[in-house]
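Have a look at the structure below before the remarks.
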Amino acid sequence: MLDPGLAESARESLAQEAKGQIEGEGTLKAENNWGLRKMAYEIRQRTEADYRWFRFEASTKLLESLDHSLKIADGVLRFRIFKVDPDAPSIVPPASGAPAPRERAVAGATGAASAPTATATAEEPPPGDAESAPEEPAVPADDAE
């Protein structure tokens, strides 16, 4: 997440430096520029950030180097590096008017809410909903112990 207070060219330069490090010592698998998005909470008095996303394979040496350079780079508000299953699908940028991931998860999705199709909506009941389940026979109150 890059500081939107920087000029577009400065933000692009930061992203290109990170991309260059990745391509220099690792393998870049996917890249997305999600653009300016509202953040869930303020970071350094900013309510928006320029979101950049990279998926790559790297050695431990590259991860340490990337971690160090992003920590000291002016203009980087926040970053995360985490291990992902190689077979996991790539994340598609959410629509700019879409609810935050936390809101989608509460809306009825089971498991990780990483793909828009994993969420349940009011128009379409989730699989295994009570409407599609067979009715269970009612037990009379005097038979229950």
Shortest non-hydrogen separation from [X] to [Y] and the atoms involved:
X     : Y     : answer
Ala30 : Trp53 : CB-CZ3, 3.8 Å
Ala49 : Leu77 : CB-CD1, 4.0 Å
Leu14 : Leu2  : CD1-CD2, 4.2 Å
Met1  : Ile43 : CE-CD1, 3.6 Å
Gln21 : Leu62 : O-CD1, 3.4 Å
Tyr41 : Arg78 : OH-NH1, 3.1 Å

For the atom pair [atom1] ([X]) and [atom2] ([Y]), what is the distance rounded to the nearest 0.5 Å?
X     : Y     : atom1 : atom2 : value
Asp67 : Arg80 : CG    : CZ    : 10.5 Å
Leu28 : Arg55 : CG    : CZ    : 11.0 Å
Tyr51 : Leu36 : OH    : CG    : 10.0 Å
Phe54 : Leu66 : CZ    : CG    : 9.0 Å
Phe79 : Lys71 : CZ    : NZ    : 6.0 Å
Arg11 : Glu8  : CZ    : CD    : 4.5 Å

Inspect the contact between Arg52 and Glu12 and indicate whether a charged nitrogen and a carboxylate oxygen are less than 4.0 angstrom apart. yes
Set out, in order, the CA-CA distance, both residues' side-chain angles and the distance that settles side-chain hydrogen bond (donor to acceptor under 3.5 Å, both in side chains) for Ser69 and Glu17, then state yes or no. CA-CA 9 Å; Ser69 63; Glu17 286 176 26; over 6 Å; no
Whether the side chain of Ser13 engages the backbone of Ser9 through a donor-acceptor N/O pair (distance < 3.5 Å, no angle test) should be reported. no
State whether the side chain of Asp3 and the backbone N or O of Gly5 hold a donor-acceptor pair below 3.5 Å, judged by distance alone. yes
